[in-house]
Engineer: 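Pasting in a structure now, in structure tokens, and then I'll have a few things to ask.
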Amino acid sequence: MLMARKDEYYVRRCLRGHIDDYRHLVRRYEGVLLGHLAGRLGRMDAAEDVAQDAFIEAWVDLRHLRDAGRFPAWLCRIARNRSMDFLRRRDK
């Protein structure tokens, strides 16, 4: 059985222009991120929107990630910040 590739592999490939490899990172973390955001926001539709925004922001800013092995924590921080933005807009 082949071992699953590490996040660092996909991050580095994305940074070298293999943009299709980002889907591996999205698939790996979308369930966890959605579950966390749904609990935080109380609505699955909001969680899906915020998760999508977080994945897009992570893609755009990927070159700023200093340690490719920290991708999950970095993505979660982005998602947390986007969820706080969502809650602030909702509460206005």
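Reckoned from all heavy atoms, side chains included, excluding hydrogens, waters and symmetry mates.
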Engineer: Determine, using the 4.5 Å side-chain heavy-atom cutoff (strictly less than), whether Leu34 and Met84 are members of one ILVMFWY cluster.
Structural biologist: no
Engineer: Return the CG to CZ distance between Leu41 and Phe86, rounded to the nearest 0.5 Å.
Structural biologist: 5.5 Å
Engineer: Check for me, please, whether Ile56 and Val11 land in the same ILVMFWY cluster - side-chain distances under 4.5 Å, paths through other members count.
Structural biologist: yes
Engineer: side-chain hydrogen bond (donor to acceptor under 3.5 Å, both in side chains) with Tyr29: which residues, sequence neighbours excluded?
Structural biologist: Asp7
Engineer: Distance from Lys6 atom NZ to Arg12 atom CZ, nearest 0.5 Å?
Structural biologist: 10.5 Å
Engineer: Applying side-chain hydrogen bond (donor to acceptor under 3.5 Å, both in side chains), can you list everything that pairs with Arg43, at least two apart in sequence or on another chain?
Structural biologist: Asp45
Engineer: Suppose we screen for salt bridge (Lys or Arg N to Asp or Glu O under 4.0 Å). Which residues come up paired with Arg88, at least two apart in sequence or across chains?
Structural biologist: Asp85
Engineer: Sorted by first residue and then second, give each side chain to side chain donor-acceptor pair (under 3.5 Å) pair with at least one member in residues 68-81; sequence neighbours left out.
Structural biologist: none
Engineer: Quick one: salt bridge (charged side-chain N to carboxylate O under 4.0 Å, His left out) pairs with a partner in residues 17-26, sequence neighbours left out?
Structural biologist: Arg13-Asp21
Engineer: Give the minimum heavy-atom separation between Leu75 and Ala58, together with the two atoms involved.
Structural biologist: CD1-CB, 3.9 Å
Engineer: As an exercise, state the distance from CG of Asp53 to OG of Ser83, rounded to the nearest 0.5 Å.
Structural biologist: 11.0 Å
Engineer: Donor-acceptor pairs are to be reported for all side-chain atoms of residues 59-66 against protein atoms at under 3.5 Å, with residues two or more places apart or in another chain.
Structural biologist:
| from | atom 1 | to | atom 2 | distance (Å) |
| --- | --- | --- | --- | --- |
| Arg63 | NH1 | Val60 | O | 2.8 |

Engineer: Only counting residues at least two apart or in another chain, list the ones meeting side-chain hydrogen bond (donor to acceptor under 3.5 Å, both in side chains) with Arg27.
Structural biologist: none
Engineer: How would you list, by chain and number, every residue that makes a ring pair (Phe, Tyr, Trp, His ring centres under 6.0 Å) with His36, sequence neighbours excluded?
Structural biologist: none
Engineer: Which residues pass the side-chain contact (heavy atoms from CB on, under 4.5 Å) test with Val26, sequence neighbours left out?
Structural biologist: Tyr22, Glu30, Phe55
Engineer: Quick one: closest heavy-atom pair of Ala79 and Leu37, and the distance?
Structural biologist: O-CD2, 3.9 Å
Engineer: Give a yes or no on whether Ile19 atom CD1 has more than 12 heavy-atom contacts from other residues, nucleotides or ligands under 6.0 Å away.
Structural biologist: no
Engineer: Once side-chain hydrogen bond (donor to acceptor under 3.5 Å, both in side chains) is applied, do any residues pair with Glu57, and if so which ones, sequence neighbours excluded?
Structural biologist: Arg82
Engineer: Apply side-chain contact (heavy atoms from CB on, under 4.5 Å) to the pair Tyr10 and His18, showing each step before the final yes or no.
Structural biologist: CA-CA 9 Å; Tyr10 293 115; His18 300 273; over 6 Å; no
Engineer: If every non-hydrogen atom of Ala38 is compared with every non-hydrogen atom of Ala47, which pair is closest and at what distance?
Structural biologist: N-CB, 3.5 Å
